Each structure stands twice: as C-alpha cells, then as structure tokens.
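Contents: one structure, followed by commentary.
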Protein chains: 2
Amino acid sequence: MDKEVRLLAEREQISLAKFNRNIKSGALVVVKNPQRNVKPLAIGAGASTKVNANIGISPDKSDLDSEIRKAKIAVEAGADTLMDLSVGGDVAQILSEIIKVSDVPLGTVPLYQLFGDKHLDFDFEDYLRVLEQQAKLGVDFMTIHAGLTRDAVEFAKKRVIPITSRGGCFLASWMNKQGLENPLYTGFDDVLEILAEYDVTISLGDGLRPGALADATDKAQITELKTLGRLTKRAWSCGVKVIVEGPGHVPLDQIQHNMRIQKRFCHNAPFYVLGPLVTDIACGYDHITSAIGGAVAAMHGADFLCYVTSAEHLGLPDEYQVREGVIASKIAAHSGDIVKYGARGRDDKLSAARGRLDWDAVLNLCIDPKVRDHYPGLGGERKCTMCGDFCALRIFRDL
Amino acid sequence: MDKEVRLLAEREQISLAKFNRNIKSGALVVVKNPQRNVKPLAIGAGASTKVNANIGISPDKSDLDSEIRKAKIAVEAGADTLMDLSVGGDVAQILSEIIKVSDVPLGTVPLYQLFGDKHLDFDFEDYLRVLEQQAKLGVDFMTIHAGLTRDAVEFAKKRVIPITSRGGCFLASWMNKQGLENPLYTGFDDVLEILAEYDVTISLGDGLRPGALADATDKAQITELKTLGRLTKRAWSCGVKVIVEGPGHVPLDQIQHNMRIQKRFCHNAPFYVLGPLVTDIACGYDHITSAIGGAVAAMHGADFLCYVTSAEHLGLPDEYQVREGVIASKIAAHSGDIVKYGARGRDDKLSAARGRLDWDAVLNLCIDPKVRDHYPGLGGERKCTMCGDFCALRIFRDL
C-alpha cells in the first residue's frame with residue numbers, strides 16, 4: 001500500500017506528505033475495493049478533477065453486450081471511473097462483466113438492483129444483502145441516498161420537478177408506501193459496517209438534487225445537504241471513505257456558492273457533481289450545458305464530475321454519445337484544473353507546437369487522440385483548410 | 001425609425017426609455033446598414049446576448065454554393081448575425097449572395113478582400129475603396145483592426161502564439177514591409193467618415209487577442225485594448241456606432257477580469273468576444289471550450305458571442321459543424337442571460353412540461369427545434385428509454 005500511495009501522489013503531482021494529510025482529513029479518498037484488482041484512484045483535494053461515465057441497461061432498451069462496449073469506449077476516451085446504473089436484468093452478471101473488461105473503479109447505486117428485482121416490496125435486510133453482494137463482487141464506490149429524510153421530501157413537493165433522482169424517487173415512494181423514515185438513514189450504521197468491512201467508498205447521494213433551475217439551492221436541497229454533512233462525520237468515525245454528491249440544474253452564478261456550502265457543511269469531503277446544467281432548454285446538447293457548469297464547478301472546488309451525455313433527458317445514450325460525453329467532461333475537468341492547480345503544461349506545449357505549425361505534435365497533445373482521424377489532411381502539408389496560405393501563424397513565421 | 005426602436009425595445013423586453021438611454025451612451029447599438037433591407041439588431045446593455053456565425057470561402061476549400069448553404073443553416077439554427085470571412089475569390093459577389101438569402105445583419109473584415117486581391121501590395125486608398133464598396137453593398141458591421149499599433153506588436157513577439165488574428169497578421173506584415181504605422185490607426189478619421197456616411201457599425205478588431213492561454217491578458221493585449229478605448233471615443237464623436245472585440249484564449253478565472261477591463265477602458269461599449277476558449281488542448285471540440293468561456297463571459301457582461309465550431313484550429317467547418325457551433329453559442333448566450341437578466345422563463349416552462357411528462361411541450365421549447373427528429377420515439381408513449389417505467393418523474397407523479 002505504501003508504494004501504491006507514493007505512486008498515486010506522484011501521478012497527482014503532490015507531495016506524499018500533503019497527500020497523506022488530505023487522506024487523513026477526509027478531503028481526499030483513494031477509491032479501490034481490495035476484493036478486486038483495480039487501479040486505485042485519488043479523488044479530492046490536491047488531485048486532478050476526475051470524470052465518471054454512467055452505463056447500464058434500462059428496462060426498455062439496450063443489452064449487456066452493448067453496455068459493455070460503452071464501458072470500453074468510455075474508458076478509452078478517458079473516463080476515470082464507471083458507474084453501472086442498470087435497473088432490471090441480472091445486475092450481478094453485468095457488474096462481473098464490467099469488472100472483467102475494465103480496470104477503473106466501478107460504482108453502483110445498490111438500490112437500483114433491489115428496485116429492479118422487487119420494486120417497492122423490499123425491506124432493509126434485503127438492501128443490506130444487495131450491498132454486501134455488490135461489495136463482495138468488487139464494487140469500489142456506492143451511491144447511497146441516506147440523507148433523503150421525510151422532512152426534506154416535504155420541501156421538495158412544491159418544486160417544479162419534485163424529485164429527478166431515480167434513487168431518491170424510489171426511496172421516497174417506499175417511505176410513502178410504508179409510512180416509515182428512510183431506512184438508509186435510520187440504519188446508516190449497519191450500512192457503514194458493511195462498507196467498512198469491504199473498504200468500499202460511500203458516495204452520499206443527493207436524492208433531492210434540483211432537476212430544474214427553478215429548484216436550485218432550495219430548502220429541500222439544503223436540508224438534505226446538511227444531513228449529508230452529519231452522515232459524512234458518522235461515516236468517517238466508522239472508517240468509511242466518503243464522497244458527497246451534488247447538483248444538478250444550477251444557474252451559473254449559484255455554482256460557486258453551491259461548492260462553498262457543500263465543502264463547509266460536509267467538512268471538505270470530496271464533491272461529486274452531476275452536471276451542473278446551467279440551462280434547462282438545451283435537451284440534445286446537455287453534454288455542453290454540463291461542461292459549462294462542470295468547468296465552473298471544478299474551478300470552484302468540485303473534485304469529481306459525472307458526465308452527462310447529449311441524450312440526457314431524452315433517452316439512453318448510444319456509443320457515440322457516451323464517447324462525446326466523456327470528452328466534454330474531460331474538457332470541463334481540465335479547464336477547472338487549469339485554474340485550481342495551474343495545470344497548463346499540456347496547453348502550453350500544444351500551443352507552442354501550433355505556433356511552429358507542427359501538426360503532428362498538436363494532434364498528439366489533443367485531449368481526444370482520435371481527433372486526427374477526422375482531419376486526415378493535416379500533418380504533412382502543414383496548412384489547414386481554414387485559411388490555407390493565408391494562415392496567420394505561417395505569415396508571422398515568415399516575417 | 002421610431003416604430004423600429006419601439007419594436008426592438010419590446011423584443012429585448014426593456015423600457016423604451018432605458019433602450020434610448022443605452023443607445024445614447026453607446027452601451028447599446030442597433031446594427032443595420034440603411035442601404036439594405038435587414039432586420040435591425042440590438043447588441044449591448046439591456047439586450048439579450050447575441051450570437052454571430054462566420055462563413056466564407058477559403059483559398060483551399062469550399063465554394064460559394066456551399067457557403068451560402070452554411071449561411072442559411074446558421075440563421076435557421078438561430079444565429080443573430082453572419083460574418084463573411086472570405087479571403088480570395090469574388091468577395092463582392094459572395095456578399096451580394098449572402099444578402100439575398102438572409103435578413104440578419106452581415107459583418108465583414110474589409111482587409112480580407114483587399115489581402116485576397118493584392119496580398120501586401122495595397123495602400124490606404126485601396127483600403128478605403130474596399131470599405132466604401134462594402135458599405136454600399138449593405139454590409140452592416142465591419143471589423144477594423146485600428147488598434148494594432150507597432151508598439152503593441154513588439155510586445156506580441158515574445159508570445160507562444162504571437163498573432164493568431166488573420167487581420168492582425170496581415171496588417172503586422174504590411175507594417176513590417178512598409179516600415180509604417182498601421183494605416184487604419186493613422187487614417188482612422190477617414191475610415192470613420194465612410195462608416196458614418198453609410199451608418200455602418202464599427203467592430204474594433206483585436207488583432208492581438210491571445211491565441212493561447214499562456215498569452216492571455218498580457219501586455220500586447222492590454223496595450224491594444226487601451227488603444228481601442230481611445231478609438232471608441234473618437235468613433236462616437238464622429239457618430240459611428242461601436243462594438244469592441246475581445247479574446248480569444250483565456251483561462252476561466254481571467255474571464256471576469258477581462259470583461260471588466262474591457263468595459264472600463266472602452267467606456268461600456270458593447271463587447272464582442274471570440275470564444276473565449278478556456279483550454280488549448282480540445283481541438284475538435286472547441287465549440288464546447290468556447291461555450292464554457294462564452295457563458296462565463298456573457299454572465300459577466302459580454303454582449304455578443306462569435307461562434308466557434310468544432311473544426312476551429314483544424315479546418316473549415318462543414319454544414320453540420322456550422323449548425324452545432326451556432327447551437328453551442330446559443331446555449332452559452334442563454335446561460336449567461338439567465339444570470340444577467342434572470343431570463344429563465346423558457347427554462348421554467350420546459351421544466352414544468354418535463355414534470356408533467358408532456359414531451360411535445362418539452363420538445364417545442366428546446367433551444368434546437370430539430371432535436372425532436374433525433375428522438376422519434378418521444379411524444380406519444382410518454383416515457384424515455386433512459387429509465388423506461390422506472391422514470392422518477394412518472395413514479396413521483398403516481399404517488
């Protein structure tokens with residue numbers, strides 16, 4: 001483990017002392033389930049902003065082979081982690097297949113497997129069984145919506161979109177049907193016991209994240225966030241590593257505030273944002289709206305971006321959209337890291353190569369190594385079709 | 001004209017008094033060349049953020065028909081203005097054709113026509129002839145790099161990318177060859193005389209905009225910006241409407257500062273940004289990097305965004321890329337306007353429709369009306385393939 005930590009600190013270009021300090025304070029986590037042979041990943045303070053890609057079968061579309069192909073595509077495009085969000089089907093089989101083909105950390109929302117199997121006819125023991133089954137399989141981090149309490153759900157009822165989170169909605173329905181408080185909240189210590197045993201990182205889900213700009217930073221969201229802050233401390237006290245999830249749909253000028261209060265309420269635990277999307281009207285282009293929000297979030301302290309594809313709000317993404325979504329999020333993460341860490345080295349190298357009209361070097365330094373395939377003319381002739389001989393860089397060089 | 005101004009103020013949802021006040025102070029311009037039957041467009045303080053799309057033939061690629069198709073596509077996708085950036089070929093013919101097929105304001109860089117015809121063998125009289133010819137044809141706004149002075153060019157020589165602006169580079173080469181100061185600077189009053197006569201808006205070009213993050217907000221850029229501030233006042237004193245152009249490649253955390261100093265140095269003239277791109281390494285995806293920068297710029301006061309396509313830095317965009325580039329910039333402009341003006345009405349309507357699972361209303365309110373074509377299954381069955389029956393919105397509604 002010592003060597004592993006040293007390598008991770010090197011990869012993140014921070015000192016071992018600082019790395020260990022951040023791990024100790026909980027501001028940084030190393031995600032890795034020891035049950036599985038996975039590349040450990042540092043997420044949090046001092047580490048570069050990471051990107052997650054979601055895959056998973058849906059009841060109406062897609063099949064296992066197709067989702068496995070998407071998993072490979074996402075990792076090739078640079079996703080740092082995968083989450084399987086399958087609902088329905090043989091989830092254990094899907095998880096095993098994903099683990100076989102990829103070596104990046106894998107996350108799940110255990111509630112989805114349960115809901116797919118039993119809808120609302122489950123009890124807390126069933127939940128713990130799924131949790132342990134997935135932990136044994138090697139799942140590295142799990143989204144657990146333990147902060148969704150009955151009082152917070154009450155606040156959400158007045159919203160434009162009351163609950164957009166699937167897990168949040170499943171739980172709210174269960175609570176409504178049973179007339180009980182959220183069992184993941186009341187039984188949080190039992191949850192933590194299993195996670196601690198298998199060294200699984202908890203990703204505290206935000207079941208009440210805003211699903212519309214109109215609902216951003218409202219009482220429902222903040223009530224849940226404050227609960228997540230308390231649960232963060234409880235998890236730490238049980239030796240469980242914590243990531244906290246955040247919004248959602250948020251206007252550009254509220255993003256910085258959202259990052260600040262999350263870090264404050266949750267004691268600087270790493271922040272994992274789902275977007276944020278900065279407008280509601282760009283269906284079909286939400287990889288762009290979330291790249292805008294994600295970049296600003298990363299600049300202001302978000303540590304982990306969940307990709308959003310152009311199919312978001314409309315359907316399950318296809319392979320092209322998965323790839324494009326990962327690249328868009330990588331752009332956002334890197335743009336944030338330029339501010340957060342001054343991580344401009346590759347930018348400067350690429351621009352210097354552009355200044356020399358060294359197309360091969362430019363294309364090699366691109367965030368998407370496959371961009372070269374779409375511009376086959378570039379490289380040899382050393383001019384692009386935009387300006388041809390009227391290229392400013394060429395003219396200046398010849399001065 | 002009175003009726004036109006009233007309609008414009010209504011369209012921008014500001015009072016006529018405020019509209020007129022902003023016009024008088026120069027913070028708002030109505031772009032329209034009276035030689036031509038064009039829809040007048042308000043750009044600046046109080047008006048929604050506008051989007052420009054560039055088209056134009058290049059010496060190496062493309063033809064007139066193709067560029068005219070791109071012009072139509074850009075306007076259909078929501079571009080508020082077009083700029084023809086043709087270098088080489090019969091520019092007068094191209095401009096006439098564009099004017100025939102579109103009714104949005106048209107911009108040019110007159111120097112391009114001149115350089116395409118004569119390379120560096122032109123004098124200032126030639127320039128003024130092209131200016132007048134284009135003004136007579138009906139060009140509504142013209143980029144004129146009058147602030148590119150010899151001392152500012154000296155500062156640029158140490159940059160990673162000395163000059164990325166094509167117009168800036170043509171002028172610097174001319175100045176170098178002739179050993180003279182920029183004739184558009186020394187002869188600025190003659191330029192203004194023609195623009196005033198035809199009521200053409202000047203877009204003060206930033207020939208030294210940074211072409212790499214490493215060069216952002218440097219002495220070359222700021223020296224030129226200060227000159228543009230002085231030229232703004234001179235243009236106003238001659239009755240010429242002014243827009244000022246800005247960067248370029250700028251790290252996320254420098255964008256707000258760039259907007260502030262532009263507004264200060266240039267006396268609140270409308271600001272027209274070319275990006276800004278927030279990373280240099282995303283070639284192939286610069287519609288996304290510029291949407292990130294453009295949204296943040298618009299939030300902090302940019303009035304007019306020049307689209308950047310995914311082909312930027314690599315080649316001339318095709319029709320698909322033109323359309324995608326316009327939509328990306330529209331998203332950025334709208335995301336900024338949500339902050340600048342609270343322009344969230346359409347977002348709230350769409351989200352309310354989403355909450356009702358009213359797919360037809362959702363699709364009708366999207367920024368891209370054609371998004372419907374790519375998701376033919378949506379509408380009737382009222383569920384999407386992402387979650388199918390496990391849709392959070394559906395479950396919550398049924399509670």
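All chains are named by letter (A, B, ...) in the order of the sequence lines, taking the proteins before the strands, and each is independently numbered beginning at 1. In this text, all values refer to a predicted model and were calculated from it rather than measured experimentally.
No side-chain donor-acceptor contact under 3.5 Å links B:Arg166 to the backbone of B:Val87. Panel note: side chain A:Lys177, backbone A:Ala172; no donor-acceptor pair is recorded below 3.5 Å. A distance-only check finds no donor-acceptor pair linking the side chain of A:Glu312 to the backbone of A:Thr309 [under 3.5 Å]. Listed for the B:Ser86 side chain is no donor-acceptor partner under 3.5 Å among the backbone atoms of B:Gly56. Looking only at distances, a side-chain donor or acceptor of B:Asp337 sits under 3.5 Å from a matching main-chain atom of B:Thr49.
Residue B:Asn176 touches chain A through its side chain alone, counting heavy-atom pairs closer than 4.5 Å. The part of B:Ile338 that comes within reach of chain A is its side chain, from C-beta onward, which places non-hydrogen atoms under 4.5 angstrom from that chain. For chain A, the nearby parts of B:Arg354 are the backbone and the side chain; heavy atoms of each come within less than 4.5 Å. Heavy atoms of B:Leu85 lying under 4.5 Å from chain A are absent altogether. Proximity to chain A involves both the backbone and the side chain of B:Leu213, based on heavy atoms less than 4.5 angstrom apart. Contacts of A:Phe170 with chain B are made by side-chain atoms alone, with heavy-atom separations under 4.5 Å and no backbone atom involved. For B:His119, the part lying near chain A is the side chain, with the backbone staying farther off; criterion is any non-hydrogen pair under 4.5 Å. Contact annotation for A:Leu365: only backbone heavy atoms (N, CA, C, O) come within less than 4.5 Å of a heavy atom of chain B. No part of A:Leu277 comes within reach of chain B, as not one of its non-hydrogen atoms sits under 4.5 angstrom from that chain.
Ranked by heavy-atom pairs under 4.5 Å with chain B, the first of A:Val278, A:Val362, A:Leu252, A:Asp215 is A:Leu252. The residue among A:Asp348, A:Leu363, A:Ile163 with the most heavy atom pairs within less than 4.5 Å of chain B is A:Ile163. In terms of heavy-atom pairs under 4.5 Å with chain B, the best-connected choice from A:Ala328, A:Ala332, A:Ala311 is A:Ala311. Chosen from B:Val339, B:Ile331, B:Ile281, the residue pairing most often with chain A at heavy-atom distances under 4.5 Å is B:Ile281. Contacts with chain A were tallied for B:His249, B:Met299, B:Arg346, B:His313; B:His313 has the most, counting heavy-atom pairs under 4.5 Å. Put simply, of B:Ser173, B:Gly293, B:Ala352, the one with the most heavy-atom pairs under 4.5 Å next to chain A is B:Ser173. No other option in A:Val296, A:Ile327, A:Thr164, A:Thr289 has as many heavy-atom pairs under 4.5 Å with chain B as A:Ile327. Looking only at heavy-atom pairs under 4.5 Å with chain A, the residue among B:Gly284, B:Cys366, B:Gly116 that has the most is B:Cys366. Note on B:Ala214, B:Ala212, B:Gly167: by heavy-atom pairs under 4.5 Å with chain A, the leading option is B:Ala214. The residue among B:Gly355, B:Gly315, B:Gly88 with the most heavy atom pairs within less than 4.5 Å of chain A is B:Gly315.
Side-chain polar atoms of A:Ser66 and A:Asp63 form no donor-acceptor pair below 3.5 angstrom. Using modelled atom types and a 3.5 Å distance limit, the side chains of B:Glu324 and B:Ser310 yield a donor-acceptor pair. There is a side-chain donor-acceptor pair under 3.5 Å between B:His334 and B:Asp347.
Partner A:Asp368 forms a side chain to side chain donor-acceptor pair (under 3.5 Å) with one of A:Arg323, A:Lys330, A:His374 and no other, that one being A:Arg323.
The two residues B:Arg209 and B:Ser165 have their closest heavy-atom pair at NH1-CB, 3.6 Å. Closest approach of B:Ser329 to B:Tyr307, counting heavy atoms only: OG-CA, 3.2 Å.
Here the OH atom belonging to B:Tyr285 is positioned 9.0 Å from the NE2 atom belonging to A:His287, to the nearest 0.5 angstrom.
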